[in-house]
Amino acid sequence: MNNQRPISSDDEHRVLQFRPRTLPSPSVKRGSGTVQPLRVAPERLDLSRYEQPRAEPDNFRQRMLANIAALAFTIALTAIGIWLAVSIADLRRTQDCVLMGRRDCVKITTPHI
């Protein structure tokens with residue numbers, strides 16, 4: 001195998017100095033012109049620019065009912081998921097018992113007299 005290195009010039013191995021954007025950088029001479037840094041006024045960091053006037057006021061009763069319905073749906077979905085996981089685990093236990101050749105795998109419930 002032939003180990004040859006490509007011929008490289010000094011232009012390929014140049015280290016550039018990066019300055020943070022938060023500090024104003026001095027003007028830089030490039031070629032025949034001078035590059036001036038951008039000066040942008042900092043914006044306020046609040047949410048007032050997203051506020052919009054509303055045609056009608058909020059209906060808090062409807063919002064609370066929607067929140068209660070969403071909470072009930074979430075609780076029902078969680079309960080169904082837990083029931084499904086327990087049912088699948090019980091079915092798997094019963095199936096493993098049957099595949100081992102045992103005969104007393106299914107629980108038989110008898111009413112008390």
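The first residue in the sequence is number 1, and the count goes up from there.
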Handout entry: Verdict with supporting geometry, Arg93 and Asp90, salt bridge (Lys or Arg N to Asp or Glu O under 4.0 Å)
Key = CA-CA 5 Å; Arg93 244 182 276 122; Asp90 188 37; 3.4 Å; yes

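- Within a 6.0 Å radius of CE in Met64, no more than 12 heavy atoms belonging to other residues, nucleotides or ligands are found.
- Rounding to the nearest 0.5 Å gives a distance of 13.5 Å between CZ of Arg63 and CD1 of Ile68.
- Between Leu84 and the options Ile88, Ile82, Val86, a side-chain contact (heavy atoms from CB on, under 4.5 Å) holds for only Ile88.
- Note that the CD1 atom of Ile80 and the CD1 atom of Ile75 stand 12.0 Å from one another [nearest 0.5 Å].
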